[in-house]
Amino acid sequence: MSHRPDAELVGRWSAEIDQIYGDLIPRGTRVALVNFPNHANAGDPALWLGERAALDRIGADVVYTASWASYDADTLRRRLGEGTVLIHAGANFGDLYPHRQATTRERLLAELPDLRTIQLPQSIHFQDPANRDRLRRLCEDHSDFTLLTREPQSFAYAQEHFSVPSRLCPDPVFSLGMRDRAAEPRVDLLWLARTDPEASGYALPPADGLTVECLDWLAPLADEPSWPRSDRVRLKLNSALLPRFEAGSGLAKALWRPNAATFEPLAERWVDRGCRILARGRVVVTDRLHGHLLSLLQGIPHVVLDNSYGKLRSVYEEWTHQCSLAAWAETPEEAVEAARRLLAELET
């Protein structure tokens with residue numbers, strides 16, 4: 001792997017994650033990891049892989065994994081015994097994504113109130129205080145619940161509104177460490193802009209003299225990175241089982257193992273897809289947190305814009321402002337100018 005100027009920082013944050021996880025999860029602890037994300041937002045599968053990497057390093061014994069659809073309380077209890085339940089990290093501790101919230105975290109807290117439970121690092125945002133208070137009651141009524149947050153804005157929110165143990169922890173994607181660039185660039189500027197509930201509505205301003213590709217990785221692409229046949233089969237299996245699990249057919253009890261066996265290969269494939277998309281640009285501009293972090297891990301110079309509720313600013317100010325590869329911009333126009341400066345530096 002070629003030199004990565006921010007490798008030391010990434011290594012430091014990865015070690016901090018290991019320390020925090022190790023404090024909470026002693027070596028040999030049986031754990032269940034719930035809410036596998038099988039979708040094109042590469043950040044969520046990257047979080048899953050980062051979680052698994054850190055858990056392996058601290059010596060946790062992962063005895064059960066499930067998606068939001070395949071989670072089954074009886075199976076989890078049977079596998080886990082007196083171990084610890086871990087809820088997948090991300091940005092869904094709130095009400096921007098209500099379906100996932102209702103079917104995983106709230107259900108799990110209600111069904112497993114006696115099992116030690118840790119919410120892995122989250123960003124927190126609620127639009128409706130009633131939704132916040134419903135989840136707050138579930139957390140506070142739980143016998144042993146710990147809330148990890150991945151940036152100071154969310155940590156402050158947790159401290160103000162949730163009377164449960166909480167702790168600030170770096171984003172688990174840092175646990176993946178540095179990566180080789182996934183592909184050679186084909187345009188000067190890759191503009192990766194959110195099109196989901198966290199979008200700020202950024203439009204690409206004029207970028208005269210630059211070759212530009214503008215997209216969001218949620219949408220299918222005309223020239224999708226190819227998948228090996230084995231992973232296409234895994235995706236087909238996972239997709240076929242999902243509606244049957246969701247319908248409550250009882251298959252989750254019988255088929256959780258073959259379904260769970262698809263998780264890591266599919267996560268690797270979604271992350272590879274995201275990295276290949278980012279690598280199309282000599283420089284990247286993005287308002288996606290993991291567009292920022294996966295660019296950083298690949299050694300791609302990039303410019304960061306905020307999302308709708310300040311998550312990226314909070315991460316950047318706490319952690320990644322130290323990175324030589326990342327620049328902050330307040331507006332799309334500032335982002336293009338910063339991208340021009342980064343491109344000029346590549347020429348020197």
Student: Can you say whether the rings of W227 and W270 are parallel (under 30°), tilted (30 to 60°) or perpendicular (over 60°)?
Tutor: perpendicular
Student: Whether the side chain of S314 engages the backbone of K311 through a donor-acceptor N/O pair (distance < 3.5 Å, no angle test) should be reported.
Tutor: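 It does not hold such a pair.
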Student: Regarding E16 and Y21, is there a side-chain donor-to-acceptor distance under 3.5 Å anywhere?
Tutor: no
Student: Ignoring hydrogens and geometry, is there a side-chain-to-backbone donor-acceptor pair from E334 to E330 under 3.5 Å?
Tutor: yes
Student: Could you tell me whether the side chain of S295 and the main chain of G291 form a donor-acceptor pair under 3.5 Å?
Tutor: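 Yes: the side chain of S295 pairs with the backbone of G291.
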Student: Please give me the minimum heavy-atom distance between D95 and F126, naming the atom from each residue.
Tutor: OD1-CA, 3.3 Å
Student: Can you tell whether the side chains of R167 and D23 come within less than 4.0 Å, N to carboxylate O?
Tutor: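 So R167 pairs with D23 through a salt bridge.
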Student: Between the side chain of H142 and the main-chain N/O of R137, is any donor-acceptor distance below 3.5 Å?
Tutor: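 Not confirmed, H142 side chain does not pair with R137 backbone.
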Student: Going by the rule side chain to side chain contact (heavy atoms under 4.5 Å, CB included), which residues pair with L218 if we only count those two or more places apart in sequence or in a different chain?
Tutor: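 Counting only residues at least two positions away or on another chain, L218 forms a side chain to side chain contact (heavy atoms under 4.5 Å, CB included) with N41, T195, D196, D216, R288.
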Student: Working to the nearest 0.5 Å, report the span between CG of L296 and CG of L9.
Tutor: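 Here the rounded value is 8.0 Å.
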Student: Within this structure, what is the CG-CG distance for the pair L55 and L86, rounded to the nearest 0.5 Å?
Tutor: 6.0 Å
Student: Can a side-chain donor-acceptor contact be found between N238 and N38 if the only test is distance below 3.5 angstrom?
Tutor: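 Judged by distance alone, the side chains do pair up.
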Student: Could I get the full list of salt bridge (charged side-chain N to carboxylate O under 4.0 Å, His left out) partners for E140, not counting sequence neighbours?
Tutor: R136
Student: Rounded to the nearest 0.5 Å, what separation is found between the CG atom of L109 and the SG atom of C139?
Tutor: 5.0 Å
Student: Is it true that a side-chain atom of Q119 and a backbone atom of I87 form a donor plus acceptor pair closer than 3.5 Å?
Tutor: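 Present.
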Student: Does either side chain, that of S14 or that of R57, offer a donor lying less than 3.5 Å from an acceptor on the other one?
Tutor: yes
Student: For F162 and F145, I'd like to know if the aromatic rings sit close, meaning centre-to-centre distance below 6.0 Å.
Tutor: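 Not under 6.0 Å, so no.
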Student: Below 4.0 angstrom, N of the basic side chain to O of the carboxylate: do R313 and E317 qualify?
Tutor: yes
Student: Report yes or no: do S154 and Q122 form a side-chain donor-acceptor pair below 3.5 Å?
Tutor: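 There is no such pair between these side chains.
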Student: Quick one: side chain to side chain contact (heavy atoms under 4.5 Å, CB included) partners of A15, sequence neighbours excluded?
Tutor: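 Expected list: none.
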Student: Could you tell me which residues satisfy side chain to side chain contact (heavy atoms under 4.5 Å, CB included) with H321, sequence neighbours excluded, listed by chain and number?
Tutor: Y316
Student: Who passes side chain to side chain contact (heavy atoms under 4.5 Å, CB included) against A339, sequence neighbours left out?
Tutor: L189, V283, V285, V303
Student: Return yes if a side-chain donor-acceptor contact under 3.5 Å exists between T286 and H302, otherwise no.
Tutor: no
Student: Sequence neighbours left out, what passes side-chain hydrogen bond (donor to acceptor under 3.5 Å, both in side chains) with S200? Give chain and number order.
Tutor: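 S200 satisfies side-chain hydrogen bond (donor to acceptor under 3.5 Å, both in side chains) with no other residue.
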Student: Looking at D272 and R276, is any side-chain nitrogen of the basic one under 4.0 Å from a carboxylate oxygen of the acidic one?
Tutor: yes
Student: Determine whether the side chains of R105 and N92 contain a donor N or O and an acceptor N or O closer than 3.5 Å.
Tutor: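 Yes, N92 and R105 have a side-chain donor paired with an acceptor closer than 3.5 Å.
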Student: Using the side chain to side chain contact (heavy atoms under 4.5 Å, CB included) rule, take E151 and E318 through it: C-alpha gap first, then chi angles, then the decisive distance, then the call.
Tutor: CA-CA 7 Å; E151 24 81 19; E318 178 67 17; 5.5 Å; no
Student: Going through the checks in order, is the side-chain hydrogen bond (donor to acceptor under 3.5 Å, both in side chains) test met by E111 and Y71?
Tutor: CA-CA 11 Å; E111 293 179 347; Y71 156 70; 2.8 Å; yes
Student: How many angstroms lie between CG in D231 and CZ in R269, if you round to the nearest 0.5 Å?
Tutor: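 Here the rounded value is 4.5 Å.
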